[in-house]
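To start, the structure under review is shown below, and the notes come after it.
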Amino acid sequence: MGGGFYISKFVGVVGIVFGAGAVATVIALAVVYSQEVAKNEALSPTNGGSTIKPPVTTPGGSTVKPQITTPVIPTTAPSNEPWDKYRLPDTLKPDHYNLTLWPRLTVNAQDLYIFTGNSYVVFQCVKETDLILIHSNKLNYTKWGDDHLAKLSALGSTPAPTIKKSWIQPTTQFLVLELNGKLAVGESYQLDTVFVGELADDLGGFYRSVYTEEGEEKVVATTQMQPTDARKAFPCFDEPAMKAIFHITLLHPPMTVALSNGMEHGQTSFDKTKKMSTYLLAFIVSDYDYINSTNDNVLIRIYARKKAIADGQGEYALNKTGPILKFFEKYYNATYPLPKSDQIALPDFNAGAMENWGLITYRETALLYDPKMSSNSNKERIATIIAHELAHMWFGNLVTLRWWNDLWLNEGFASYVEYLGANEAEPDWNIKDLIVLGDVHRVFAVDALASSHPLSSREEDIQKPEQISELFDAISYSKVPIMYTYLNTFAYDNTVYTDLWDHLQMAVNSTGTSLPTGQTVHSIMNRWVLQMGFPVVTINTTTGLINQQHFLLDPSTAGSWIVPIRWMNTGLVQQQIWLEDKTAIKPEMTVTGNNWILANLNVSGYYRVNYDNTNWERLLVVLSSHHESIPVINRAQLVDDAFNLARAKYINTTLALRTTKYLRSEREYMPWESALDNLDFFYLMFDRSEIYGIMQTYLKYQIEPLFKHFGNITGNWTNVPTGHMDQYNQVNAIRVACSTGIEECQTLTKGWYSQWMKDPANNPIHPNLRTTVYCSAIAAGGAAEWEFGWDQFQAATIAIEADKLRSALACTKQPWLLNKYLEYTLDANKIRKQDATSTIVYIASNVVGQSLAWDFMRDRWNYIFTQYGGGSFSFSNLINGVTKRFSTEFELKQLKQFQADNSEVGFGSGTLAVSQSIERTTANIKWVAENKDSVQTWFTTEVPKE
Ligand code: BES
Ligand code: ZN
C-alpha cells in the first residue's frame, strides 16, 4: 500500500490516547506526505499520457431504465469465494481514476432520475491474480464488444489477459471479473466501464435533493459517500486505505454549477485531487449561489440556495471559517492542504455534515444562520460542526485510518478538537465546559450498559457496510473527547509538539505527575481503550478506603482501570492521586466533623464517584448552604452521579432526588441541565402513572425562582440574557415553568403564539425561545394552533425555523393530530427523508404520542427499513428513541416480539440499538418496581403544603 497515510493500530492507540501524539502523528505524517506527493506526481495520468475521454452515452441515453438489480449469478450453497467476502483482496492497488459523471436533473421517460457515467481506473497488480474485484452497488453496466461489463487493457508491454466471465455480486457489492490468465506483479492495467445509476432520493452515493424556489422545483445532484457508498456512484476500490488520485469531470446543464473536491477549471472539469480515499469524494451539480473570501491564499466559499445566499444566511459560516482554519493550521502545525475550501448547504442530507476533502457538505440547519431566526443553540451547532469538519481536513483526510474499526480515532479526535475550534470562533461562550453535558453524560448513559462495546474493535469484526455504519455511535464520538480532557489535566502539556511516544512519556514525567510504579502512559490508557465501560470509585471518608468497580446499570461483568483522582476537601485545596488497584487506603482522604471531600474535580476523569453516606450528607449541606464552594461543573456532576449511582443501586434513589432540592437557589445552566436530564428519566418512567402529578408539583415549586429570575433580568421577557449559558438556562426556565403549569408562563407563551397567528408576517418570539414557546402553545392548543404551525413549517425560508416547528408540532396532546403527523413522516413531500426518524422520535417523546409512535414503527418497520436505507445511521436513534419509555413486562414482550418478527428484514445499523433497548427495558422494569413507592413518598413529603 503506497502513497496515502494511515494510522496503524499501534500509533492509533497511542495517538488517541495522547493529544500530542495525535497531533504529532499528523504532523510527522504530513511531512512524509509532502515527499510522497512529489513522488506520486510522476505517476499521475497527465504525466503518464492518458487523456480524458469524451463521455459515452449509455445505449438509449437517458431513456435507459437503470436496473437496481443487475445480472446476478445465483449463489447456491454458501461458498467461500473471494467475491463472497466483504473485504477486497490485497492483490490490486489503484493509482488513479478518470471519472465522468452526468446527472440528469429531470426525469426520463420511465419517470426516473438517473446519472450516466464512464470511468477508468489505473491500478497496479501487487500480487499475482486472475481475478479483479472492484466495488459496485446498484449500477447497471453497458456491455463491451466482448459482452463483458468492463474493458481491461495493459499499460505495460505485456498484453492484458482476456476476461473469462464478468458479473455483479450484489450482497458483497462487487463487480467481478474472472480472467483467462494472470495479471503480472508490478504491471499497471486500466479498467474501463460505462454505467448508469439511479439518482434516487435515498441520501446515499450520488443522489438527488429537491427544493422549491420561486414556485419552481429544483433538483440538486449531490453525494454522500461515507462510509461505503462511493461504489454506488462509480466502480471503485471502496476501502479507505485504497487511496488514489481522481480526475473528475461533471457534465451539467448550462446555468448550473458543478463542484467537486478539486478546484474547477473550465465548465466541467476539476483539478486532480490529492491522493485520497474514495469515501471523501464529492460531486455536486446545482443552481446555487455562493459568497467567498480568501484566507492566506485559501479560497473559502459558502454555497447555498440562491435565496439563502441573498438573505445573507451564509455570512456567519463564511466569517468563522477563516479563523477556525487558521486555528487548526496552528494546532496541527501544518498548512491547510488544499487551495480551496468549499462548504455547501443541502436541503436533503442524512448526517449533520460530511468532511469531503475540499467540499464539505452540510444539512442546511448546520451551516445557514440568520440572526433574526437562529437561536444561540443553532449558532453553537454551526460553529462546532464547522470546526469538527475542518478538523477532519487534516486528521481523517490527509492522514487516514487504515480500516473502519479505527473510526473512533477519527471521529473521537474531531469531536474533541471541535470544542477548541469553536472556542476560537466564539471565545465568550465557555464552550469547553459543555463537554461534560454534551459528551460525558451522553456516553456514560450507553457505556453503563452491558451491551456497550470497547472503543477499539478488531479489524476482522468489522466487515459489512451495516457493521461499519453501526460504529458511528456515541461511544466513538463521545468517549474520546473525555480522554483528551483527562490527558490535558493529567499527562500532557499542550505545547509539546515534537514527537510521539517517547516524548509523551517525557511530558508526563516533566509535568511532575508521577505515574504509578511499573506503569506507562500506554499501559494506563490501553485499559480505557480496550475495555468497554468505566469505573465507579467509592471513597470512604471515615476509613480512607477507596475502591473501584466496573459501573454497570445491571452489574455482572467486571473490569478495572488505573484511575487518576483529582480531588479537594473543605479547605478547597486541590490534590491528585492514582488508584491502580481495585482497592487502596488513602489516609489523606479521611475527614471528620463538618469537613467533606469532593473528587473528580471539573470532571476531568472518565469515572463516577460515590462516597460514604456521611460525606454525601455533608455535600448536601454544602449544596443547600453555600453551593458556590463546589465548582459549577461538579455541581452538575454530583447530581448526575447521584442519579446514576441510584439507578445502579449504589445509593438510594431518595438521596439522588435530594441533590435537586438546592436548585431553588441555583441559577447556573449546567447543574440545572444535568438535573432536568436526570429527572427526565423519572418523567419517562412515571408520566403514565399516579406519581406524575406530585412530581409536577415538586418541579413547579423548584423552577419558580429561576423563572422569576429570568423574568427580572430580561425586563419582563423583553430581551434575552447576554451569557451563552444563561440564554440556555432561560429556555430551561420557560420550558419547565410552562410544562409544570406555572400560569404566568403559559399566559406568556400562549399570548406570543396567538399574536403571531394574528399577524404571521411578524413573529414576536425571540429565536432562542421559539422551540419551547411553540411547543408549549401547540400543547395547550388544538387543531387551529397545530395547523398554523404546520403552515408556517411549510412556508419557512430557513431550515432552522422549519426544524423548530417540526419538533413543536409533536407537542400536541391530540392523538388524531399525532397520528396524522406520523403519517406525514413517511411522505417525503411533507417531511424530508432526512427528518423522518427524528420526527417519529419527537412524537414518541410526547407521552400521548409514545404508544402511537411505537405502533407506527413496528407496523411499518419493513417499509421504513427498506425505504430509508439499510446504511442510514439514524436507525439506532429511532429504535432507542421510540422505546425509551419502556418499563413494563408487556412492553418488553412486545419489544422481543418485534425483534423476532423482523429477524429476516433485519435492523441494519439499528441492530445494537435493539439489544440496548431490551437491556434498558429490563433495567427499567426492575427500577420501577424497586423505586416507585419510595419515590412517591419522597415527592409527597417534599412538596410544599398549600
Ligand atoms: N464523518 C461524519 C459524517 C458521517 C457520519 C458520515 C456517519 C457517515 C456516517 C462527520 O464528520 C460527522 O461526524 N458529522 C457529525 C457532526 C459532528 C459535529 C459530530 C454529524 O453529522 O452529526
Ligand atoms: Zn466527524
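Counting begins at 1 with the first residue of the sequence. Just so you know, ligand 1 is whichever comes first in the structure, and atom 1 is the first atom listed for that ligand.
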Next item on the list: Using heavy-atom distances, let me know which of Y279, F349, F472, Y362 sits nearest atom 5 (C) of ligand 1.
Entry: F472
Notebook entry, point to check: Between Q226 and ligand 1, does any nitrogen or oxygen pair lie at a separation below 3.5 Å?
Noted result: yes
Notebook entry, point to check: What atom name does the N, O or S atom of H392 nearest to the Zn ion (ligand 2) carry?
Noted result: NE2
Margin query: Does any N or O of ligand 1 fall below 3.5 Å from an N or O anywhere on P227, backbone included?
Written below: no
Notebook entry, point to check: For L88, does its backbone N or O pair with a side-chain atom of E239 as donor and acceptor, under 3.5 Å?
Noted result: yes
Checklist line | Any donor-acceptor pair under 3.5 Å from N295 side chain to V298 backbone | finding: no
Margin query: Using 2.8 Å as the threshold, say whether any N, O or S atom from E355 sits that close to the Zn ion (ligand 2).
Written below: no
Checklist line | Any N/O pair S415/ligand 1 closer than 3.5 Å | finding: no
Checklist line | E364 vs I798 side-chain heavy atoms within contact, under 4.5 Å | finding: no
Next item on the list: Decide, yes or no, whether a salt bridge links D677 with R442 under the criterion of side-chain N to carboxylate O below 4.0 Å.
Entry: no
Next item on the list: Give the atom name of whichever N/O/S atom in H388 sits closest to the Zn ion (ligand 2).
Entry: NE2
Checklist line | Heteroatom proximity flag, Q224 to ligand 1, N/O under 3.5 Å | finding: no
Check: Which of the numbered atoms in ligand 1 are below 4.0 angstrom from a heavy atom of E389?
Finding: 10 (C), 11 (O), 12 (C), 14 (N), 16 (C)
Notebook entry, point to check: Of all N, O or S atoms in E411, which has the smallest distance to the Zn ion (ligand 2)?
Noted result: OE1
Next item on the list: Pick whichever of H388, M354, M225, R363 has a heavy atom sitting closest to atom 17 (C) of ligand 1.
Entry: H388
Notebook entry, point to check: Is the shortest distance from a Lys or Arg side-chain nitrogen in D461 or R458 to a carboxylate oxygen in the other one below 4.0 Å?
Noted result: yes
Checklist line | Set of residues satisfying ring-ring contact (aromatic ring centres under 6.0 Å, His included) with respect to Y86, sequence neighbours excluded | finding: none
Notebook entry, point to check: Are F907 and W861 close enough, and set up right, to give a ring-ring contact (aromatic ring centres under 6.0 Å, His included), and what steps lead you there?
Noted result: CA-CA 9 Å; F907 301 93; W861 181 255; 5.5 Å; yes
Checklist line | Numbered atoms of ligand 1 (with element) below 4.0 Å of H392, judged on heavy atoms | finding: 11 (O)
Margin query: Closer than 4.0 angstrom, basic N to acidic O: yes or no for D348 and R363?
Written below: no
Checklist line | Under-4.0 Å salt bridge between D803 and R806 | finding: yes
Next item on the list: May I ask you to check if ligand 1 and E418 share an N or O to N or O distance below 3.5 Å?
Entry: no
Notebook entry, point to check: Should T384 be listed as contacting ligand 1, given a heavy-atom distance under 4.0 Å as the test?
Noted result: no
Next item on the list: Go through ligand 1 atom by atom and flag the ones less than 4.0 Å from a non-hydrogen atom of A351.
Entry: 21 (O)
Next item on the list: Ignoring angles and geometry beyond distance, decide whether G352 reaches within less than 3.5 Å of ligand 1 through its nitrogen or oxygen atoms.
Entry: yes
Margin query: If you take the nearest heavy atom of each of S469, A353, G396, which one is closest to atom 10 (C) of ligand 1?
Written below: A353
Note to self: Using a 4.0 Å cut-off to any heavy atom of Y477, which atoms of ligand 1 qualify?
What the structure shows: 2 (C), 5 (C), 12 (C), 13 (O), 19 (C)
Checklist line | Within-4.5 Å side-chain heavy-atom neighbours: I344 and I360 | finding: no
Next item on the list: Taking Q834 for its side chain and F349 for its backbone only, find out whether a donor-acceptor pair lies under 3.5 Å.
Entry: yes
Notebook entry, point to check: Salt-bridged, E424 to K320, with N to O below 4.0 Å?
Noted result: no
Next item on the list: Below 4.0 angstrom from a heavy atom of E355, which ligand 1 atoms are there? Numbered from 1 as shown, please.
Entry: 1 (N), 2 (C), 10 (C), 11 (O)
